[in-house]
Amino acid sequence: MRTVFLIFTLLLNGLFIQSQEIIALPYEKPESVSWEGGEKAFFSTIWNTEVVCNVSVPTMEVFRPAPGTANGTSVVIAPGGGLYALSIESEGNMVARWLAERGITAFVLKYRLVPTGEDGVRDLNETSKNNLEEFKRLISVVIPYSVADGLAAVKHVREHAKEWGLKEDRIGFMGFSAGGAVTMGVAYNATPESGPDFLVPVYAWTDAMPVQPVSADQPPMLVICASDDPLGLASGSLDLYKSWYDARLRVALHMYSKGGHGFGMRSQGLPSDSWIERFYDWGIAEELINPAGK
């Protein structure tokens, strides 16, 4: 009977984590970028995962822990996708569910992207291959708005922390690839109201958001990447780590020898599969996460 009750409880918890809400974020309509049609969500056969593209209105989806399990820590998650799309499942929803199961309230951010047609992944591949200068121009035009959405997300979570049972000083920002660029853009442009309390750039795209000098008030950071990243992002991750280290800030680095790019929550049978567990361990060690039952 006890086993049946336990299974029922786990099912209820899983259902609770699946049942969420969408929060619209405030934003200013840009003069230099315009989108046609609405946001597109589909399964990309190129990336072999669920993606979202043509995002013109920033929103975030809330993944709350089951009742009685929240520990007060929250994380805004920025999926990657070259600023043309969002790898919404492997670098968004799956991450959020994992965190929520461990008491962390997660917010999956849909930040504004380069305007695209029906398939943003295909548009990314074609533009970056056939017109690199135009690709770079479009990225440079849209990323300030992507970063503004990240700042708005943190500010919104902090403003509503008390009503959600969250701690105002334990709001983190985690981003993958282009989302890692957004993460660092948020760090470099934060105000006291919009600044995260910890940062987790995962194979951050430092070409899109170059590493900058940092002040002594930057929050703790965990940098994650793989040495064999085919986009060459390992060196940028090392530069990020060094910028924090040289400023005598709290920083950690997990550089896996294998993992490639875009591993997110994908299972590859490699040590990099457990990166999110290392984040959890780091969060506990830095007193940013209260472990279950404490």
Side-chain angles (χ1 to χ4, degrees), residues 17-18 20 22 33-61 63 77-98 106 108-139 141-143 146 149 174-183 201-205 207-208 224-226 228-234 256 258-270 272-276:
I17 292 172
Q18 295 290 337
Q20 309 301 325
I22 306 296
V33 187
S34 61
W35 291 262
E36 294 183 5
E39 182 180 296
K40 309 291 192 304
F42 59 97
F43 184 88
S44 170
T45 55
I46 299 173
W47 286 353
N48 196 34
T49 189
E50 297 289 339
V51 301
V52 173
C53 65
N54 204 46
V55 176
S56 60
V57 177
T59 62
M60 58 184 181
E61 184 172 4
F63 289 74
I77 303 167
L83 293 172
Y84 270 68
L86 301 174
S87 182
I88 200 70
E89 190 64 19
S90 175
E91 297 177 350
N93 299 338
M94 291 175 70
V95 178
R97 294 187 193 104
W98 193 98
V108 178
L109 174 65
K110 291 181 182 178
Y111 52 89
R112 282 172 286 182
L113 302 171
V114 170
T116 60
E118 293 296 320
D119 189 333
V121 178
R122 183 186 60 203
D123 290 354
L124 183 156
N125 288 352
E126 291 179 354
T127 307
S128 61
K129 180 180 179 181
N130 300 322
N131 193 340
L132 184 58
E133 291 305 313
E134 176 65 3
F135 174 76
K136 291 179 179 179
R137 186 191 71 81
L138 291 170
I139 293 301
V141 168
V142 81
I143 196 167
S146 307
D149 298 339
M174 174 186 293
F176 302 78
S177 194
V182 174
T183 301
V202 185
Y203 40 85
W205 187 17
D207 288 341
I224 296 168
C225 197
D228 66 347
D229 188 306
L231 301 183
L233 300 184
Y256 295 96
K258 295 181 180 180
H261 183 74
F263 46 83
M265 297 296 283
R266 298 173 187 265
S267 178
Q268 302 184 94
L270 296 170
S272 57
D273 293 354
S274 62
W275 71 267
I276 197 166

A.B. asks: Mind checking the SG-CG spacing from C53 to D123? Nearest 0.5 Å is all I need.
C.D. replies: 7.5 Å
A.B. asks: For residues G81 and A178, report the shortest heavy-atom separation together with the two atoms involved.
C.D. replies: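 Nearest pair, atom of G81 first, then A178: N-CB, 4.1 Å.
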A.B. asks: Would you mind reporting whether V108 and I88 have side-chain heavy atoms less than 4.5 Å apart?
C.D. replies: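 Heavy-atom side-chain distance check passes, below 4.5 Å.
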A.B. asks: So which atom in A85 and which in V121 form the shortest heavy-atom distance, rounded to 0.1 Å?
C.D. replies: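 Heavy atoms of A85 and V121 come nearest at CB-CG2, 4.1 Å.
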A.B. asks: Please round to the nearest 0.5 Å and tell me the distance separating atom CZ of F63 and atom CE of M94.
C.D. replies: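 Here the interatomic distance stands at 11.5 Å.
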A.B. asks: Taking the inter-plane angle between the rings of Y256 and F263 on a 0 to 90° scale, is it parallel (under 30°), tilted (30 to 60°) or perpendicular (over 60°)?
C.D. replies: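 Y256 vs F263 ring planes: perpendicular.
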A.B. asks: Would you call V57 and K110 a side-chain contact if the rule is heavy atoms closer than 4.5 Å?
C.D. replies: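 With C-beta onward as the side chain, the pair stays apart.
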A.B. asks: Is there a donor-acceptor pair closer than 3.5 Å between any side-chain N or O of W35 and the backbone N or O of T116?
C.D. replies: no
A.B. asks: Ignoring hydrogens and angles, tell me if any N or O in the side chain of T127 forms a donor-acceptor pair with the backbone of L124 under 3.5 Å.
C.D. replies: no
A.B. asks: Taking all atoms of both residues into account, what is the closest heavy-atom pair of S177 and L233, and its distance?
C.D. replies: OG-CD1, 4.5 Å
A.B. asks: For T183 and G175, indicate whether the former's side chain and the latter's backbone hold a donor-acceptor pair under 3.5 Å.
C.D. replies: yes
A.B. asks: Donor-acceptor check, side chain of D273 to backbone of L270, threshold 3.5 angstrom: yes or no?
C.D. replies: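 Indeed, once roles are kept as given, a pair shorter than 3.5 Å links the two residues.
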A.B. asks: Here's a test for you: under ring pair (Phe, Tyr, Trp, His ring centres under 6.0 Å), which of W205, F176, Y203 qualifies with H261?
C.D. replies: Y203
A.B. asks: Between I139 and G82, which heavy-atom pair has the shortest distance, and what is it?
C.D. replies: CD1-O, 3.3 Å
A.B. asks: Does V55 offer a backbone N or O that forms a donor-acceptor pair with the side chain of E39 under 3.5 Å?
C.D. replies: no
A.B. asks: Would you say L86 and L113 make side-chain contact, with heavy atoms under 4.5 Å?
C.D. replies: yes
A.B. asks: Just so I know, are the side chains of W275 and M265 near enough to count as touching, which here means a heavy-atom distance under 4.5 Å?
C.D. replies: yes
A.B. asks: Could you check whether any side-chain heavy atom of P115 comes within less than 4.5 Å of a side-chain heavy atom of V33, counting everything from C-beta outward?
C.D. replies: yes
A.B. asks: Check for a donor-acceptor pair, side chain of N54 on one end and backbone N or O of G120 on the other, with a separation under 3.5 Å.
C.D. replies: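 No.
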A.B. asks: Determine, using ring centers only, whether F42 and W47 are less than 6.0 Å apart.
C.D. replies: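 Aromatic pair excluded; centres sit 6.0 Å or further apart.
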A.B. asks: Looking only at atom types and distance, does a side-chain atom of S44 sit under 3.5 Å from a main-chain N or O of I46, one as donor and one as acceptor?
C.D. replies: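 It does hold such a pair.
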A.B. asks: Does the side chain of E89 pick up a donor-acceptor pair with the side chain of N93 at under 3.5 Å?
C.D. replies: yes
A.B. asks: For G38, does its backbone N or O pair with a side-chain atom of K40 as donor and acceptor, under 3.5 Å?
C.D. replies: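 It does hold such a pair.
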A.B. asks: Backbone N or O of I22 within a donor-acceptor pair of the T59 side chain at under 3.5 Å?
C.D. replies: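 No: the side chain of T59 does not pair with the backbone of I22.
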A.B. asks: Between atom CZ of R137 and atom CG of N131, what is the distance when rounded to the nearest 0.5 Å?
C.D. replies: 9.0 Å
A.B. asks: Going by the rule salt bridge (charged side-chain N to carboxylate O under 4.0 Å, His left out), which residues pair with E50 if we only count those two or more places apart in sequence or in a different chain?
C.D. replies: none
A.B. asks: Taking D149 for the side chain and R112 for the main chain, is one N or O donor matched with an acceptor at less than 3.5 Å?
C.D. replies: yes
A.B. asks: Mind jotting down which residue pairs meet the ring pair (Phe, Tyr, Trp, His ring centres under 6.0 Å) criterion with at least one end in residues 108-128? Sequence neighbours excluded, please.
C.D. replies: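 Output for this query is empty, none listed.
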A.B. asks: Rounded to the nearest 0.5 Å, how far apart are CD1 of I143 and CG of L138?
C.D. replies: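 If I round to the nearest 0.5 Å, the distance is 12.5 Å.
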A.B. asks: Could you grab the distance from atom CG of L83 to atom OG of S146, nearest 0.5 Å is fine?
C.D. replies: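 If we round to the nearest 0.5 Å, L83:CG and S146:OG are 5.0 Å apart.
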A.B. asks: State, to 0.1 Å, how close P79 and S87 come at their nearest heavy-atom pair, and which atoms those are.
C.D. replies: CB-O, 3.7 Å
